[in-house]
There are 2 protein chains.
Amino acid sequence: MKSQLSSSTEDYVKTIYAFTEWQDAPITSSQLAARLGVANSSVSEMVRKLKDLGLVDHRPYGAVRLTEEGRRVALTMVRRHRLLETFLVNELGYSWDEVHVEAELLEHAVSDLFVERLAAKLGNPARDPHGDPIPTAEGTVPRIDAHRLRELDPGHAGRITRISDENPELLRYLAHERISLDTEVTVVRRKPFGGPLVVRIDEGGASRDFDVADEVADAVWVRSGQPHQGCTLEPGA
Amino acid sequence: MKSQLSSSTEDYVKTIYAFTEWQDAPITSSQLAARLGVANSSVSEMVRKLKDLGLVDHRPYGAVRLTEEGRRVALTMVRRHRLLETFLVNELGYSWDEVHVEAELLEHAVSDLFVERLAAKLGNPARDPHGDPIPTAEGTVPRIDAHRLRELDPGHAGRITRISDENPELLRYLAHERISLDTEVTVVRRKPFGGPLVVRIDEGGASRDFDVADEVADAVWVRSGQPHQGCTLEPGA
DNA sequence: CCTAGTATTTAGGTGTACCGAAAAAATGTG
DNA sequence: CACATTTTTTCGGTACACCTAAATACTAGG
């Protein structure tokens, strides 16, 4: 059942999964190639191998979809990645813009035993430092009920529950602008024709307006209602 | 200066270093092959590459010796390995027979930043859970002043300061026999012609005699004098 | 000091994961 | 709906780290 996959294989599966985590529509060959930073021809070849391994469904010229087994592998990788990020931030004092690359390397080197011991030590967190849900060991993904900042209409208020970890520079920028998980925002003005989105930010009484760049509006997720509950929810919760 | 070495390269260098850590005499091709579990021909080829990288000195049919640069790399790997082992035991509740394999995988995946943050968190230990000295980031190896149990004469008393981590089964056996770091032993009888070495073990008042198998006598190191100081000495100490 | 035996290297070959270039299939547009 | 464009696949080729088998160099015994 677990024939030990190469770290390339793990990366492909994780990337395929990640593509559909926050949207529908399966990933195409060239999108996969772009995200992995390899040539299209490499993807064609590798996808055939993944299919032989039973990890993806794919027919020539079609999109690539994970099988149940592939999804299981992907969730294992995502769990590893996010637990490692949490560890790096909570225990080793990394800042949230530093953890992604480090976790990317480590996730291929840790054993299941390591992951479960680490999860226990961290208190079985349900979210990582960027607010991304950490799949359970059994393959359940905690539901995250939030929307991209970009999609919100004026007047909509809520708390930031997720910030994509893909771009460290963006994370540093947001930290510099004092925007983080749990920051309360209210949409003031929706993008007209190419104009900026503006949000109002509560800061213990005072408030300021903030121009949201397109990239930021895509990377930041907001939830109205309950506050973000940090990194230490109970496992089954 | 740091052109990123493959994990194979790291393993070769580490293995070459390890061979001379507790004895003199440089390692030969076939010894290297045996320890790495690869064919002699693979070693020949790889040693040539290591030479091209400036990590070893070697002329055909001669032994393999690390260069200064090679030694630096090896110490980096050993530092990583032993800090990781310490982490696994101290923070994740691994037992000392479980850590070696896990550390072997992780040591190729961690960054220098990770290692130094980890070292700081662990309190810059000078010894790992088996009593092996942890090289400093600057490449200094804390002196360990001990002898193999095998080499001790009757009457010699001391504390166990090191137990080789290479054989997990042996470690489990010793744990089962209630022998660990800091156990006080006195050599009762030295091996006559193939007969067993016997040590007396103090156990808070009571004492028992223990037959030491050959393999154990090679793996256990004893120091007379000060007690083993645990895993939290100061860096420069 | 020559030879039998062992240690080491060379030669040729494998699998994985990548590449660029060329061929083939799918897609969009007049 | 045919053709040009884009996307995907196929086709040689490369680097790495390993292998077995064959050739070569050391080394110890007679």
Side-chain angles (χ1 to χ4, degrees), chain A residues 2-17 19-20 25-66 70 73-74 77 104-105 107-109, chain B residues 2-20 23 25-66 70 73-74 77 104-105 107-109:
Chain A
K2 30 175 25 196
S3 32
Q4 200 56 325
L5 306 167
S6 73
S7 83
S8 269
T9 301
E10 291 178 338
D11 276 337
Y12 275 78
V13 168
K14 194 185 66 163
T15 305
I16 295 166
Y17 174 83
F19 189 82
T20 39
I27 197 168
T28 66
S29 268
S30 45
Q31 286 170 323
L32 235 188
R35 300 198 164 220
L36 289 165
V38 302
N40 288 337
S41 52
S42 305
V43 170
S44 271
E45 198 180 359
M46 197 64 176
V47 165
R48 189 158 16 83
K49 286 183 194 163
L50 295 179
K51 195 183 167 190
D52 291 347
L53 289 169
L55 298 172
V56 304
D57 286 329
H58 177 248
R59 20 184 249 291
Y61 301 96
V64 182
R65 256 170 276 254
L66 292 178
V73 171
M77 296 314 295
E104 202 110 80
L105 289 175
E107 66 192 7
H108 301 298
Chain B
K2 31 176 24 199
S3 31
Q4 200 54 326
L5 306 168
S6 73
S7 82
S8 271
T9 301
E10 291 178 340
D11 276 336
Y12 274 79
V13 169
K14 195 186 65 163
T15 305
I16 296 166
Y17 174 83
F19 190 82
T20 39
Q23 67 182 37
I27 196 168
T28 65
S29 267
S30 43
Q31 287 170 320
L32 234 188
R35 301 200 160 218
L36 289 165
V38 301
N40 289 337
S41 53
S42 306
V43 170
S44 271
E45 198 180 359
M46 198 64 176
V47 165
R48 188 156 19 82
K49 286 182 194 165
L50 295 179
K51 196 184 168 191
D52 292 347
L53 289 170
L55 297 172
V56 304
D57 287 329
H58 178 248
R59 18 182 251 291
Y61 300 96
V64 183
R65 256 169 277 253
L66 291 177
V73 171
M77 296 314 296
E104 201 110 79
L105 289 175
E107 66 192 8
H108 301 299

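These numbers come from a predicted model, not from an experiment. Letters go in sequence order (proteins before strands), and every chain restarts at 1.
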- [ ] Only counting residues at least two apart or in another chain, list the ones meeting side chain to side chain contact (heavy atoms under 4.5 Å, CB included) with A:Leu53.
- [x] A:Leu5, A:Thr9, A:Leu55
Task: Non-neighbouring partners of A:Ser29 that pass side chain to side chain contact (heavy atoms under 4.5 Å, CB included), sequence neighbours left out - done: A:Val43
- [ ] Sequence neighbours left out, what passes side-chain hydrogen bond (donor to acceptor under 3.5 Å, both in side chains) with A:His108? Give chain and number order.
- [x] A:Glu10, A:Asp11
Task: Sequence-distant partners of B:Thr20, side-chain hydrogen bond (donor to acceptor under 3.5 Å, both in side chains), two or more places apart - done: none
Open item on the list: It should be established whether A:Ser42 places a side-chain nitrogen or oxygen under 4.0 Å from OP1 or OP2 of nucleotide C:dC18.
Closed with: no
Open item on the list: When you measure from the side-chain N and O atoms of B:Ser29 to the phosphate of C:dT9, is any distance below 4.0 Å, counting only OP1 and OP2?
Closed with: yes
TODO: Identify the two heavy atoms, one from A:Ala109 and one from B:Ala109, that lie closest to each other, and give their separation to 0.1 Å.
DONE: CB-CB, 3.6 Å
Open item on the list: If I compare all heavy atoms of A:Val56 with all of A:Val47, which pair ends up nearest, and what's the gap?
Closed with: CG2-O, 3.9 Å
Once you round to the nearest 0.5 Å, how far does [atom1] of [X] lie from [atom2] of [Y]?
| X | Y | atom1 | atom2 | value |
| --- | --- | --- | --- | --- |
| B:Arg35 | B:Phe19 | CZ | CZ | 5.5 Å |
| B:Leu66 | B:Tyr17 | CG | OH | 9.0 Å |
| A:Thr28 | A:His58 | OG1 | NE2 | 9.5 Å |

Open item on the list: Let's see if you get this right: which residues in residues 5-16 of chain A place a heavy atom under 4.0 Å from DNA chain D?
Closed with: none
- [ ] Enumerate the residues from residues 46-64 of chain A whose closest heavy atom to DNA chain D is under 4.0 Å, giving them by residue number; use none for an empty result.
- [x] A:His58, A:Pro60, A:Tyr61
Task: Pair listing, side chain to side chain donor-acceptor pair (under 3.5 Å) test, anchored in residues 36-51 of chain A, at least two apart - done: none
- [ ] Could you tell me from which nucleotide to which nucleotide of DNA chain D, 5' to 3', there is an atom under 4.0 Å from chain A heavy atoms?
- [x] D:dT8 to D:dT10
TODO: Name the nucleic acid region contacted by B:Ala39, choosing base, sugar-phosphate or nothing; use a 4.0 angstrom heavy-atom cut-off, strictly under.
DONE: base
- [ ] Report which part of the nucleic acid B:Ser41 touches: base, sugar-phosphate, or nothing (heavy-atom distance under 4.0 Å, all strands).
- [x] base
- [ ] Answer yes or no: is there a side-chain heavy-atom contact under 4.5 Å between A:Ile16 and A:Leu50?
- [x] yes
- [ ] Nearest-nucleotide wise, let me know which of B:Asn40 and A:Glu45 is further upstream toward the 5' end of DNA chain C.
- [x] B:Asn40
